[in-house]
Amino acid sequence: MWRLCVDHRMKPVLWADTGLGQERAGSVTPTPHFLFVCPGAGTFTLCALVANLVRDILSPDSQRRSRMEVLREKVEEEEEAEREEAAERAEWARTEKMMRPVEVRKEETTLTQEMLRDLEKKLSEIQIPISAELPAFTKDTIDISKLPVSYKTNTPKEEHLLQVADNFSRQYSHLCPDRVPLFLHPLNECEVPKFVSTTLRPTLMPYPELYNWDSCAQFVSDFLTMVPLPDPLKPPSHLYSSTTVLNYQKGNCFDFSTLLCSMLIGSGYDAYCVNGYGSLDLCHMDLTREVCPLTVKPKETVQKEEKVLPKKYTIRPPRDLCSRFEQEQEVKKQQEIRAQEKKQLREEEERLMEAEKAKPDALHGLRVHSWVLVLSGKREVPENFFIDAFTGHSYSTQDERFLGIESLWNHKNYWINMQDCWNCCKDLIFDLGDPVRWEYMLLGTDKSQLSLTEEDDSGINDEDDVENLGKEDEDKSFDMPHSWVEQIEISPEAFETRCPNGKKVIQYKRAKLEKWAPYLNSNGLVSRLTTYEDLECTNILEIKEWYQNREDMLELKHINKTTDLKTDYFKPGHPQALRVHSYKSMQPEMDRVIEFYEMARVDGLIKREETARTMTEYYQGRPDFLSYRHANFRPRVKKLALSSAESNPRPIVKITEQFFRNPAKPAEEDVAERVFLLAEERIQLRYHCRDDHITASKREFLRRTEVDSKGNKIIMTPDMCISFEVEPMEHTKKLLYQYEAMMHLKREEKLSRHQVWESELEVLEILKLREEEEAAHALTISIYDTKRNEKSKEYREAMERVMHEEHLRQVETQLDYLAPFLAQLPPGEKLTRWQAVRLKDECLSDFKQRLINKANLIQARFEKETQELQKKQQWYQENQVTLTPEDEDLYLSYCSQAMFRIRILEQRLNRHKELAPLKYLALEEKLYKDPRLGELQKIFA
């Protein structure tokens, strides 16, 4: 029996009903698909499409048979040929069997049995390798013994909600028989049906990193391991709670979306879980055809070129004497070369696109997938977008990976899509308040309804109608029960670990991204991005490694395999203030570029470039306005070890220094550039140019020794200084000025040579330090990390031990006020009334005597200090005339201290007199209440 149906893109498909199921025989369109009825497709549309298709097939004007008839005849011819061949083979075997002798048949039977035994033996020796796939995340692998009661039972309100959902599902199936069943109340891990909206548990995480949607999506993608759906054509039969999914760190697309949606709603986003259809790459978390986000370079902002107005007086450029014909021929040649290159590039791109083109998916449009929809409005979201929880990436609602939507829900309501998805999700309007496009289940939705027109609104202006309408809505409304899922919690250890077992590998297009938890690798490696040249990922182009918690502040290491160039990036805090270090080899005197944090250096060095024969340094913010220093070297005469650079530095040939403009000096006296030609014994100076000039002054000094061969002092001569003055009449430089300038330049030359030598030593020190850091790669541990910080842990344990010992000492030293008196009595003997009264009197009298003794002691010290002060004052009166100023200062200091002691003793004595009676009464009350003196209680009862 043949049936004519349509797929999800409204294309007609011919099916064969054989009783065992439906088998597709052919399709009118070039791209056949399985049976799928688009959501919202009405019966009239389907009948009209079928009628048009039948009319086209049976039209007498058609010049050739349709593909459907050809396929049908081809199938019938093949079946007929197979039947005829089978009949001929059976007839030939029956005839030959009748003609063979019995002995031959027995021999053939024996040979056949031997062949079967040999075949069985060979098959038994074959070992089938068992795939090392992760075990499926099923209900059998979940321990439900420790789950709370809400996981195992339903409240009356939840039971009522399930009844409402069943009624809603029956009405939906009756009105839309061509649509797939709704995903309303799957089973949880305890085999209890739970409505999907109650599975969402809005939670705001206590980590600031999880407050935005991108960090939440990336955390869910890294924290969980993807488990495919048991049936790619149907939603799962079980939907587990987010707490269970977090505990086992596994889940399918619906588990991913539920957890992510709960976190986003808790963070204030208008998020929804979506049940729909996705592409093969989306459903299988296949990113091999997507570009890694870390490899995408940010778009550079194009700065508009400012038009420079021509000056009034400008020098005309020289006349161009080149041949225009030759220029035109050269331009044509270059255009041909560029056209050929573009053609080759286009062919290469077409070849790569053909290789990267996805293979056709037989289940395209039928694969069930779940993702998250975020609507605009809340949290300043400008427009609607999708989030794939598998990858954590955001997509536009126009993306072709999302092929259709059946339904969506949040923690308050459930909506069914009533719009056509023939153009994927591109034409969908996400106005959930529109009941024509989105059918909701519960009335208590927070989405506003569409505004009515004036004609429709004119009939409900009556107050009674409005009141009746409100009463009717109140009667039909039903509030969503609270979530049955426990509070979602992520421990700090789990949040820090992120990936399952601390490691995760993601394969992108020509790239592989590896992630590790902090402190998992001893060198602090947390992420590595490997970029390949080909799609097979065999030829490595570059490697980027990110580090954390390094003592050397290393943050990123970039290795270019094509040029063998290594670049290290550092955070602020390195001992040598390194920021970037680019090199090919760690050996000294090789090509390298070192950049520094200039604010951390005293000399203001920003960058140092070094080659085998040169060294260039750039400065900023120096008091001498130095901005640039370039030194040229020649090879050493003797080949010594590089470590002996201090004793055998490289010979310097030339030193070039440049300076910023010093506004405190005139331009003709402010040096802009000076060159020390050490081999030629010359010094060249170039000064800054004045604002109203186009040329600058220059000078060149011929450096000579101050003493000749006979020991005579050389006198400065005019030929030793060659100068070019812009304004020679303004300043006349005499020989004395030139001599002093040359002496100053000699000192500066010596200082510059010394600074170049120190720079060479600093480079050697940096290389040695970097080798030690790479060998040790020690990690820093925060003082707040009590688990990893051994010093903090030992200090805390020592403090706890000291506090415990102090507590024990206080307990031991705490005296019992009745212990001395009870020790006089026989042990274990019960006190009589007379003994209890005697013990009480003795204890009070002893305490009274102690209070008196303490008062007498304070009084004695008070009197002693007073007498000593009086004696000191009498001595001062007797010797006042002969005292020196130092003795008077000592006397005044003693009097001040003595008065302070006397005042303190007086205060202590007064306080003791006030508190002594109170202490006496408190002890007497304690004695009356002491259980060991029970007879006293009987006396005063």
Side-chain angles (χ1 to χ4, degrees), residues 39-40 154-155 157-176 179-188 192-202 234-242 253-262 264-266 269-277 368-375 384 386 389 402 404-419 421 425 428-450 473 476-485:
N154 282 326
T155 62
K157 195 170 185 179
E158 289 178 339
E159 292 290 347
H160 187 194
L161 177 62
L162 294 178
Q163 295 177 5
V164 173
D166 289 336
N167 184 23
F168 181 76
S169 179
R170 286 193 297 269
Q171 296 182 29
Y172 170 77
S173 301
H174 176 72
L175 296 176
C176 305
R179 298 281 294 272
V180 297
L182 294 177
F183 184 68
L184 289 174
H185 44 71
L187 303 178
N188 67 351
V192 178
K194 296 288 186 178
F195 192 69
V196 290
S197 295
T198 59
T199 309
L200 294 174
R201 179 61 186 265
K234 296 179 182 178
S237 59
H238 291 73
L239 183 61
Y240 304 136
S241 63
S242 298
C253 56
F254 286 85
D255 299 326
F256 274 68
S257 301
T258 301
L259 174 60
L260 178 58
C261 190
S262 300
L264 293 179
I265 295 176
Y269 289 95
D270 191 9
Y272 302 84
C273 284
V274 180
N275 172 27
Y277 304 91
V368 176
H369 189 60
S370 178
W371 62 91
V372 176
L373 166 66
V374 179
L375 296 184
N384 309 331
F386 293 146
F402 304 91
I405 295 178
E406 284 286 347
S407 59
L408 54 87
W409 62 91
N410 63 357
H411 63 296
K412 294 183 179 180
N413 211 336
Y414 188 94
W415 290 268
I416 303 174
N417 178 28
M418 304 304 295
Q419 306 172 70
C421 297
C425 299
L428 295 184
I429 299 176
F430 295 97
D431 182 10
L432 301 184
D434 187 355
V436 177
R437 296 185 174 93
W438 297 93
E439 184 68 35
Y440 57 88
M441 194 182 81
L442 302 180
L443 287 177
T445 176
D446 57 347
K447 295 297 176 184
S448 59
Q449 303 293 331
L450 291 178
D473 291 343
K476 293 183 179 181
S477 62
F478 180 81
D479 294 334
M480 185 70 66
H482 295 291
S483 177
W484 55 274
V485 181

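Just so it is clear, the values below take in all heavy atoms, side chains as well, and ignore hydrogens, waters and symmetry mates. In this chain, residues are counted from 1 in sequence order.
Annotation for L432 and W415: closest pair O-NE1, 3.5 Å, computed over non-hydrogen atoms. In terms of heavy atoms, C421 sits closest to L428 at SG-CD2, 4.3 Å. Of all heavy-atom pairs between L373 and V274, the closest is CB-CG2, 3.7 Å. Counting all heavy atoms, side chain and backbone alike, L239 lies closest to P186 at CB-CG, 3.5 Å.
Between the side chains of Q163 and N167, not a single donor N or O lies within less than 3.5 Å of an accepting N or O.
You'll find the side chain of L161 reaches within 4.5 Å of the side chain of T198, heavy atoms only. Contact of the I429 side chain with the Q419 side chain is registered, since non-hydrogen atoms from C-beta on lie closer than 4.5 Å. The closest side-chain heavy-atom distance from V485 to N188 is not below 4.5 Å. A heavy-atom distance below 4.5 Å is not found between the side chains of F386 and V374. Side-chain atoms of I416 and W438, non-hydrogen and from C-beta on, never get closer than 4.5 Å to each other. Between E158 and W484 there is a side-chain heavy-atom pair separated by less than 4.5 Å. Between V196 and F183 there is a side-chain heavy-atom pair separated by less than 4.5 Å. Side-chain contact between N410 and M480 is absent, with no heavy-atom pair separated by less than 4.5 Å.
Applying the side chain to side chain donor-acceptor pair (under 3.5 Å) criterion to S407, with sequence neighbours excluded, gives Y414. With sequence neighbours left out, the side chain to side chain contact (heavy atoms under 4.5 Å, CB included) criterion links P193 to N154, L162, L187. In this view, S237 satisfies the side chain to side chain contact (heavy atoms under 4.5 Å, CB included) rule with no residue, not counting sequence neighbours. Under the side chain to side chain donor-acceptor pair (under 3.5 Å) criterion, H185 pairs with D166, not counting sequence neighbours. Applying the ring pair (Phe, Tyr, Trp, His ring centres under 6.0 Å) criterion to Y172, with sequence neighbours excluded, gives no partner residue. Looking at residues two or more places apart in sequence or on another chain, you find a side chain to side chain contact (heavy atoms under 4.5 Å, CB included) between S370 and C253, F254, S257.
In this structure, the ring of W409 has its center no less than 6.0 angstrom from the ring center of F195.
Between K157 atom NZ and H482 atom NE2 the span is 6.5 Å, to the nearest 0.5 Å. Once rounded to the nearest 0.5 Å, the distance linking OH of Y240 with OG1 of T199 reads 12.5 Å. For the atom pair CG of L259 and CG of L264, the computed distance is 9.5 Å after rounding to the nearest 0.5 Å. Considering CZ of R437 and CG of N417, their distance stands at 10.5 Å, rounded to 0.5 Å. Of the inter-residue distances, the one linking H238 atom NE2 with K194 atom NZ reads 13.5 Å to the nearest 0.5 angstrom. Taking SG of C261 as the reference point, atom CH2 of W371 lies at 13.5 Å (rounded to 0.5 Å).
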Practice prompt. Carefully, step by step, assess C176 and M418 under the rule side-chain contact (heavy atoms from CB on, under 4.5 Å).
Written response: CA-CA 10 Å; C176 305; M418 304 304 295; 4.2 Å; yes
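Panel note: side chain S173, backbone S169; a donor-acceptor pair is recorded below 3.5 Å.
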